[in-house]
Chemist: 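A single structure is presented below for examination.
Note: hydrogens, waters and symmetry copies are ignored here, and every other heavy atom, side chains too, is used.
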Amino acid sequence: MKSSLFGFAVVLFFFGLLAPGSLKAAPQEKEWTFLVFLNGHNNLDSFGAININQMETVGSTNDLNLVVQWASMGFGDKTKRLLVTKDNDESKVTSPIVQEVPRVDMGDYHAMVEFVKWA
């Protein structure tokens, strides 16, 4: 299980390298774009905000866009795309939402493909 999750992360990383794009909140092109596909439509939902808060300790930089597609049971019929920005507030996610889309079936690989194309 761990090796498949690692492989999935590596695939996302390389998709980010091959498909760099611009974001509404950050139109300038950057050297790297790292994509995170965070599925919270399951019993791990409570860890989503914790994971994003950990990412916010570093945030995006002048050379890196850190972008998350985040589905959570708490969002109802929405899925959020965030540009992760640096902050030290571990109690809440403060990164700006660059796009909200209707609820995404995060278990369908087509959803990941669409996220990569968008990014």
Chemist: Are F47 and I52 linked, directly or through intermediate hydrophobic residues, by side-chain heavy-atom contacts shorter than 4.5 Å (ILVMFWY only)?
Modeler: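 I52 and F47: separate clusters.
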Chemist: Looking just at side-chain N and O atoms, do S91 and D89 make a donor-acceptor pair shorter than 3.5 Å?
Modeler: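 Per modelled atom types, S91 and D89 side chains form a pair under 3.5 Å.
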Chemist: Side-chain contact, heavy-atom cut-off 4.5 Å: R103 with H41?
Modeler: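 Side-chain contact under 4.5 Å: yes.
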Chemist: By side-chain hydrogen bond (donor to acceptor under 3.5 Å, both in side chains), which residues pair with N88, not counting sequence neighbours?
Modeler: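 Expected list: none.
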Chemist: Is I97 reachable from V93 through a run of I, L, V, M, F, W or Y residues, each pair having side-chain heavy atoms under 4.5 Å apart?
Modeler: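 Per the 4.5 Å side-chain linkage, V93 and I97 are co-clustered.
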Chemist: Measure across A71 and M106 and return the closest heavy-atom pair with its distance rounded to 0.1 Å.
Modeler: CB-CG, 3.4 Å
Chemist: Closest approach of V68 and M55, non-hydrogen atoms and distance?
Modeler: CG2-SD, 3.8 Å
Chemist: Please enumerate all residues that pass side-chain contact (heavy atoms from CB on, under 4.5 Å) together with D108, with sequence neighbours excluded.
Modeler: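 D105, H110.
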Chemist: Between the side chains of D45 and S72, is a donor N or O closer than 3.5 angstrom to an acceptor N or O?
Modeler: yes
Chemist: Tell me whether S60 contacts the main-chain N or O of V84 through its side chain, where contact means a donor paired with an acceptor under 3.5 Å.
Modeler: yes
Chemist: Nearest 0.5 Å, what's the CG-CH2 distance between N65 and W32?
Modeler: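 Rounded to the nearest 0.5 Å, the CG-CH2 separation comes out at 13.0 Å.
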Chemist: Looking at every non-hydrogen atom in both residues, tell me the closest pair between N39 and N42 and how far apart they are.
Modeler: O-ND2, 3.3 Å
Chemist: side-chain contact (heavy atoms from CB on, under 4.5 Å) with V101: which residues, sequence neighbours excluded?
Modeler: T79, R81, Q99, V104
Chemist: Side chain of D77, backbone of P102: donor and acceptor closer than 3.5 Å?
Modeler: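 No; zero donor-acceptor contacts below 3.5 Å.
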Chemist: Would you please test L83 and L66 for side chain to side chain contact (heavy atoms under 4.5 Å, CB included) and show each step?
Modeler: CA-CA 6 Å; L83 175 64; L66 181 52; 5.8 Å; no
Chemist: Starting at CD of E56, measure out to NZ of K92 and round the result to the nearest 0.5 Å.
Modeler: 10.5 Å
Chemist: Compare all side-chain heavy atoms of L82 with those of V67 and state whether any distance is below 4.5 angstrom.
Modeler: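 SC-SC contact between L82 and V67 ruled out.
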Chemist: E90: what forms a side-chain contact (heavy atoms from CB on, under 4.5 Å) with it, not counting sequence neighbours?
Modeler: none
Chemist: Donor-acceptor pair, distance only, cut-off 3.5 Å: does the side chain of K80 make one with the backbone of V98?
Modeler: no
Chemist: Using the ring-ring contact (aromatic ring centres under 6.0 Å, His included) rule, collect all pairs that involve residues 51-74, keeping only residues at least two apart or in two chains.
Modeler: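 Matches after skipping sequence neighbours: W70-F75.
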Chemist: With T57, which residues qualify under side-chain contact (heavy atoms from CB on, under 4.5 Å), at least two apart?
Modeler: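 Expected list: none.
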